[in-house]
Number of protein chains: 2
Amino acid sequence: MGDVTEQTATATTPLAERSAEELDAFAQEQQAAYDALKARGLSLDLTRGKPAAAQLDLSEELLSLPRGVKDAAGVDTRNYGGLEGIQELREMFAELLWVEPEQVVAGGNSSLVMMREVLVDLWLHGGVDSERPWGQEDKVTFICPVPGYDRHFTLLDWFGIDMVTVPMHDDGPDLAEVERLAASDPSIKGMWLVPTYANPTGAVVAQEVAARLASMPTAAPDFKIFWDNAYAFHHLTEDEAKSADILTLAAASGHPHRPIMFASTSKITLAGAGVAFLAGSVETVKWYTNHLGKGAIGPDKVNQLRHAQFFASPQGVRDHMVKHREIIAPKFAEVERILSERLGGLGVATWTHPTGGYFVSLDVLDGTASRVVQLAKDAGIALTPAGASFPHGDDPRDRNIRLAPTFPPLEQVSEAMEAVATCVLLAAAERLRAA
Amino acid sequence: MGDVTEQTATATTPLAERSAEELDAFAQEQQAAYDALKARGLSLDLTRGKPAAAQLDLSEELLSLPRGVKDAAGVDTRNYGGLEGIQELREMFAELLWVEPEQVVAGGNSSLVMMREVLVDLWLHGGVDSERPWGQEDKVTFICPVPGYDRHFTLLDWFGIDMVTVPMHDDGPDLAEVERLAASDPSIKGMWLVPTYANPTGAVVAQEVAARLASMPTAAPDFKIFWDNAYAFHHLTEDEAKSADILTLAAASGHPHRPIMFASTSKITLAGAGVAFLAGSVETVKWYTNHLGKGAIGPDKVNQLRHAQFFASPQGVRDHMVKHREIIAPKFAEVERILSERLGGLGVATWTHPTGGYFVSLDVLDGTASRVVQLAKDAGIALTPAGASFPHGDDPRDRNIRLAPTFPPLEQVSEAMEAVATCVLLAAAERLRAA
């Protein structure tokens, strides 16, 4: 495995400042470490933001609920109907999302499906404030903060919606860029935002940023903020971020229909069998349920009743999230520890230090992200494809990698991250030697 | 209440053959009966095809399932993924629907939602055999057998799809008309069909009719039959209708992608919390799941596992349906008895005698259906709106009323049907006197 003494001697010097000989030696060490890694025949997966089995076990009681079949209003949840969801669950999540119950729809098992439905409705019929259906516009464009959530971009692409990127900062999207774009181009009909513990950076949109997004002039009268609050309650520390109250801000600014909020219990209870929520102005909710009613009779109210009984109160949701934190915070700590120990000071990578959510966003040396992912794959470590956090999978600097440490057990997170570090270092050494 | 002797004396004479005086007397009797009915202040509902609570109770065990969380393939059903549904449920319903497992997708709680998804996919992207997305066609038209299912028509109307009606006969839609329309007009892209125990007539599409629909030349290369087999297993007698094997027929005729089949357990287990199915050619299934994957991660597999465990086998589904029959067949018998006793021989109504499904289709005197529904409403009996079984709610003869006797308890079915008979007779008498 080479001269450990020499490796230690140069471990604090940024790679870019090393001599050609030092770099050669470093590259050889990393190659040897990588060959050893590959020889182990690992099979590890850091690709998707999936809850671990231990997290799903927290909701075991759900599997033997509900007790009884009627909701608080006396409705038999087993039968058809109730497009807006059962009242007690709407009330519970209205409190959690800081809106009124009539501003909330409790739906099926997927907030992504609700986003798709909203886009279909906008496409075929336009929104409450649209001049015409979006499908009849010459062009529709969305502002996409990057890095962002791949499924958001895939969904837009499916509609043929153009995407223009803006940088995602620690306090939200680049405001100057967003304001400039939204004000100048009427084809820009909306933007994505994961406001709390963003996918993948963990950024939290600041109240002041949200206020400006809510109030900014837009060339399109029906500009929409798709406010995907997937991680609103998914704190990794006791310092719990509060989501900006976008609906109140928007209403106060005279743009009540601008934000459409999405949330779900997918990462609270069961990833595939939770309950999704949509929230917006009362008019938006009516618009949504009206269109929904053209091709749906009602959500799975039995599953909604299960959830209402399981949580019992808004505080029940918050308490439940603490149990998740206890399981996954150590995994995030392990990612941070290994990245710091292995990559710190070498000038080959930066990464986020999320206080919530499901991801760490790792930026490696420009031009090496694809190589890192390929190296990892060849060594049996599945990573999210390089570029996945950008529209069309195109990261112009080829540097971003999304790490998802929640699903594997802790010891596998350690193994996988040690392997990732080796791949990052090898790819960096290759790149610098070639330069 | 008038002279009962006189009423009896004329009870077997068709109303249209009675003298003006006899009609006047009859009308007065019916008016008196109707006034008495109204005075009772009833509140009864025959509007929708909903299972009764006693039917939902048959699936009580579902509410404490699943046992364990893994499916037959060892997949943790609680987590994300599995767009096509869990294997054992696909296999179970493949056998029931006479297709191969890879031709079946097990989805969420609503086959109507799957129909909507398919139409959205066709609209935005076109089908496996389309020249372009349907949304880019100048015009899209569907053939709609009438009377039919109101939600089918509402869904098409939501897309702006034109509807052309053809009569629904006892063995299926009017073949000559369907063949003529489909062959002559390339804007005609598809048709609805509820092949088994149709909504609302109870008609069963004969094998020969299905064969011709599967093989007929169509001007549109991507003509689709939306084969909504909602009532495939919903027999009211021991003489169980077999659904025509449309997918095999279509494949044998060289049109494998023409039919898209839908089914669900909504009226087998829980109306709002069942599992829906889509079936088609392997290419169609791939096309559907590919598009689905652009905006969905997977169905509620926990609920699918519940269903797989609850039924245990295809025979489990069939056995379960016998229990439904025992509950609802007496209600249909009561509808038949009251209609026969009260309206038989008077020449003012005909009605269907379904051997399965959820409805009786009642044709009253031309021009009186709306009046009957209004009279019933004023007396506290909610009926499906007149015309609901026709596109845009427009029954050109204003004669069809859909009766849905499953939901109310038997004694309420009796009360409601006695009331309906009174309203039919009163409306007929009014009409004939005015003529």
Side-chain angles (χ1 to χ4, degrees), chain A residues 48-53 56-57 59-60 62-69 76-82 108-110 112-113 115-117 119-120 123-125 135 151 154-155 157-160 266 269-274 291-306 407, chain B residues 48-53 56-57 59-60 62-69 76-82 108-110 112-113 115-117 119-120 123-125 135 151 154-155 157-160 266 269-274 291-306 407:
Chain A
R48 302 294 328 171
K50 290 167 68 171
L56 300 169
D57 289 343
S59 299
E60 193 183 356
L62 261 188
L63 300 177
S64 51
L65 290 173
R67 293 176 296 271
V69 295
D76 187 337
T77 57
R78 300 171 300 178
N79 225 320
Y80 287 116
N109 76 323
S110 168
L112 185 63
V113 166
M115 296 171 210
R116 173 183 146 133
E117 287 168 348
L119 281 168
V120 169
W123 199 259
L124 294 179
H125 295 278
R151 292 190 190 272
T154 300
L155 183 55
D157 196 40
W158 188 68
F159 282 89
S266 295
T269 56
L270 304 179
H291 286 301
L292 187 64
K294 307 300 185 188
I297 305 178
D300 183 343
K301 297 187 300 300
V302 173
N303 203 36
Q304 296 189 353
L305 184 62
R306 269 185 204 107
F407 184 67
Chain B
R48 303 294 325 173
K50 290 167 69 171
L56 300 169
D57 289 343
S59 298
E60 191 182 359
L62 261 188
L63 300 177
S64 51
L65 290 173
R67 293 176 297 270
V69 296
D76 187 338
T77 56
R78 299 171 299 178
N79 224 319
Y80 288 116
N109 75 324
S110 167
L112 185 63
V113 166
M115 297 172 209
R116 172 183 147 135
E117 286 168 349
L119 281 169
V120 169
W123 200 258
L124 294 180
H125 295 278
R151 291 189 191 272
T154 299
L155 183 54
D157 195 41
W158 188 67
F159 282 88
S266 295
T269 55
L270 304 180
H291 286 300
L292 187 64
K294 307 301 185 187
I297 304 178
D300 182 342
K301 298 188 299 301
V302 173
N303 203 37
Q304 295 188 356
L305 184 62
R306 269 185 204 109
F407 185 67

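Chain naming here is simple, since letters A, B, ... match the order of the sequence lines and numbering starts at 1 in each. All figures in this text were calculated on a predicted structure; none of them were measured in a lab.
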Closest non-hydrogen atom pair, Leu112(A) against Ala296(B):
CD2-N, 3.6 Å
Taking all atoms of both residues into account, what is the closest heavy-atom pair of Leu155(B) and Gly295(A), and its distance?
CD1-CA, 4.1 Å
Non-hydrogen atoms of chain A under 4.5 Å away: do they reach the side chain of Leu124(B), the backbone, both or neither?
side chain
Most heavy-atom pairs under 4.5 Å with chain A, out of Lys301(B), Arg306(B), Met115(B), belong to Arg306(B)
Heavy-atom cut-off 4.5 Å, strictly under: side chain, backbone, both or neither for Asp300(B) against chain A?
both
Against chain A, work out which of Gly82(B), Gly108(B), Ser266(B), Gly135(B) has the most heavy-atom pairs shorter than 4.5 Å and name it.
Ser266(B)
Any chance you could measure Arg116(B), atom CZ, to Lys294(A), atom NZ, to the nearest 0.5 Å?
11.0 Å
Tell me which of these, Asp157(A), Val113(A), Thr269(A), has more heavy-atom pairs under 4.5 Å with chain B than the rest.
Val113(A)
Looking at every heavy atom in both Tyr80(A) and Gly49(B), which two are closest together, and how far apart are they?
CE1-O, 3.6 Å
Counterpart residues, ring-ring contact (aromatic ring centres under 6.0 Å, His included), relative to Phe159(A) (two or more places apart)
Trp123(A)
Supply the atom-to-atom distance Arg48(B) CZ to Ile297(A) CD1, rounded to the nearest 0.5 angstrom.
7.0 Å
With Val69(B) via side chain to side chain contact (heavy atoms under 4.5 Å, CB included) - residues at least two apart:
Leu63(A), Asp76(B), Thr77(B), Arg78(B)
Does Asn79(A) use its side chain to pair, donor to acceptor, with the backbone of Pro51(B) at less than 3.5 Å?
yes
Interchain contact, Leu119(A) with chain B, by part (heavy-atom threshold 4.5 Å):
neither
Could you look at Glu60(B) and say if it's the side chain, the backbone, both or neither that has a heavy atom under 4.5 Å from chain A?
neither
Please determine whether side chain to side chain contact (heavy atoms under 4.5 Å, CB included) holds for the pair Val302(B) and Leu270(A), giving the CA-CA distance in whole Å, both sets of side-chain angles, and the decisive distance to 0.1 Å.
CA-CA 9 Å; Val302(B) 173; Leu270(A) 304 179; 4.3 Å; yes
Is it the case that the side chain of His125(A) and the backbone of Trp158(B) share a donor-acceptor pair, with hydrogens and angles ignored and the cut-off at 3.5 Å?
yes
